[in-house]
Amino acid sequence: MFVRYQSPDANARGVHPGVFALVNGLAAHGLLTEEQERFRRTTNDWYNATFTNPTDVDPLVYDRTRNPGAVAWFRVESVRLTERVEGYLEILGDHRVPCECIEADAPGRVIYEDADQVVVVPF
């Protein structure tokens, strides 16, 4: 079973941005409070140090031509990966940015996987 936190609305490319992209977008526009920005930077750094970035293994995993619409999903059993998502969801809630949690047994064609996550091209 896999879980993904994403915008209910697709972007211009037809992809539903994930929770990290949504919060990083707020930060890029200077909309976060100092406390929210501190949480985002600290927690992003923790994720980067703790989990494999799929692009470090396969730089083309998110290539739009090769893998159109590719997105990452968390393994439900990877509690360490999902436990800090709540802070991101709180930030989105504070800014009234909608984010939904969806679950699937088979979210798409797997193009990358490790013990904590998969990257798929949706069916």
Side-chain angles (χ1 to χ4, degrees):
M1 179 67 74
F2 301 94
V3 63
R4 179 167 168 77
Y5 299 88
Q6 67 179 24
S7 170
D9 303 311
N11 62 19
R13 293 186 342 226
V15 174
H16 295 259
V19 65
F20 303 126
L22 292 170
V23 172
N24 289 338
L26 291 171
H29 287 93
L31 299 174
L32 299 183
T33 66
E34 286 183 32
E35 181 180 334
Q36 290 169 337
E37 177 60 12
R38 189 170 36 258
F39 169 85
R40 184 192 73 84
R41 282 197 326 248
T42 301
T43 309
N44 281 2
D45 289 348
W46 178 82
Y47 274 106
N48 290 336
T50 306
F51 299 99
T52 301
N53 180 336
T55 59
D56 290 344
V57 177
D58 179 359
L60 299 177
V61 72
Y62 291 111
D63 181 87
R64 294 178 188 173
T65 302
R66 185 177 183 196
N67 298 311
V71 292
W73 288 67
F74 305 146
R75 293 183 186 277
V76 171
E77 63 271 14
S78 182
V79 175
R80 283 187 334 135
L81 188 59
T82 60
E83 68 187 356
R84 296 187 186 204
V85 170
E86 187 61 37
Y88 291 89
L89 297 175
E90 288 175 15
I91 291 171
L92 294 175
D94 288 348
H95 292 272
R96 296 191 170 116
V97 175
C99 188
E100 63 184 1
C101 175
I102 54 175
E103 295 182 349
D105 289 323
R109 178 176 55 87
V110 176
I111 55 174
Y112 169 84
E113 70 180 299
D114 62 36
D116 300 295
Q117 63 190 321
V118 295
V119 176
V120 304
V121 174
F123 292 126

Same cluster for [X] and [Y] if Ile/Leu/Val/Met/Phe/Trp/Tyr side chains link at under 4.5 Å?
| X | Y | result |
| --- | --- | --- |
| Val76 | Val118 | no |
| Val19 | Ile102 | no |
| Phe51 | Val57 | no |
| Val110 | Phe74 | no |

task = Go through Glu103 and Val3 one step at a time and tell me if the side-chain contact (heavy atoms from CB on, under 4.5 Å) criterion holds.
result = CA-CA 4 Å; Glu103 295 182 349; Val3 63; 4.1 Å; yes
task = Give the intermediate values and the outcome of side-chain contact (heavy atoms from CB on, under 4.5 Å) for residues Gln6 and Val71.
result = CA-CA 10 Å; Gln6 67 179 24; Val71 292; 5.6 Å; no
Kindly compute the distance separating [atom1] ([X]) from [atom2] ([Y]), expressed to the nearest 0.5 Å.
| X | Y | atom1 | atom2 | result |
| --- | --- | --- | --- | --- |
| Ser78 | Trp73 | OG | CH2 | 15.0 Å |
| Thr43 | Phe20 | OG1 | CZ | 9.0 Å |
| Leu60 | Arg66 | CG | CZ | 5.0 Å |
| Thr33 | Leu26 | OG1 | CG | 10.5 Å |

Between [X] and [Y], what is the shortest heavy-atom contact and its length?
| X | Y | result |
| --- | --- | --- |
| Leu22 | Pro98 | CD1-O, 4.1 Å |
| Asp116 | Asp114 | N-OD1, 2.8 Å |
| Pro122 | Gly69 | CD-O, 3.2 Å |
| Arg75 | Glu113 | NH2-OE1, 2.7 Å |

query = So, are Glu37 and Arg40 salt-bridged, with charged N and O less than 4.0 Å apart?
reply =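 Here Glu37 pairs with Arg40 in a salt bridge, since their nearest N and O are under 4.0 Å apart.
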request  = Begin from the C-alpha positions of Thr52 and Tyr112 and carry the test side-chain contact (heavy atoms from CB on, under 4.5 Å) through to its verdict.
outcome  = CA-CA 11 Å; Thr52 301; Tyr112 169 84; 3.3 Å; yes
Atom pairs and distances, side-chain donor-acceptor, residues 80-92, under 3.5 Å, sequence neighbours left out:
from: Thr82; atom 1: OG1; to: Val79; atom 2: O; distance (Å): 3.3
from: Tyr88; atom 1: OH; to: Asn44; atom 2: N; distance (Å): 3.3
from: Tyr88; atom 1: OH; to: Asn44; atom 2: OD1; distance (Å): 2.5

task = Walk me through it: do Arg38 and Leu32 pass the test side-chain contact (heavy atoms from CB on, under 4.5 Å)?
result = CA-CA 9 Å; Arg38 189 170 36 258; Leu32 299 183; over 6 Å; no
inquiry  = Determine whether a donor-acceptor pair (N or O, by modelled atom type, separation under 3.5 Å) exists between the side chain of Arg4 and the backbone of Ala72.
reply    =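 Judged by distance alone, yes, a pair lies under 3.5 Å.
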query = Backbone N or O of Val121 within a donor-acceptor pair of the Asn67 side chain at under 3.5 Å?
reply =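 Here the side-chain-to-backbone pair does not exist.
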query = Would you say the side chains of His16 and Glu100 form a donor-acceptor pair under 3.5 Å?
reply =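 No.
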Check: Arg109 and Val120 side chains under 4.5 Å, non-hydrogen atoms =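 Heavy-atom side-chain distance check fails, nothing below 4.5 Å.
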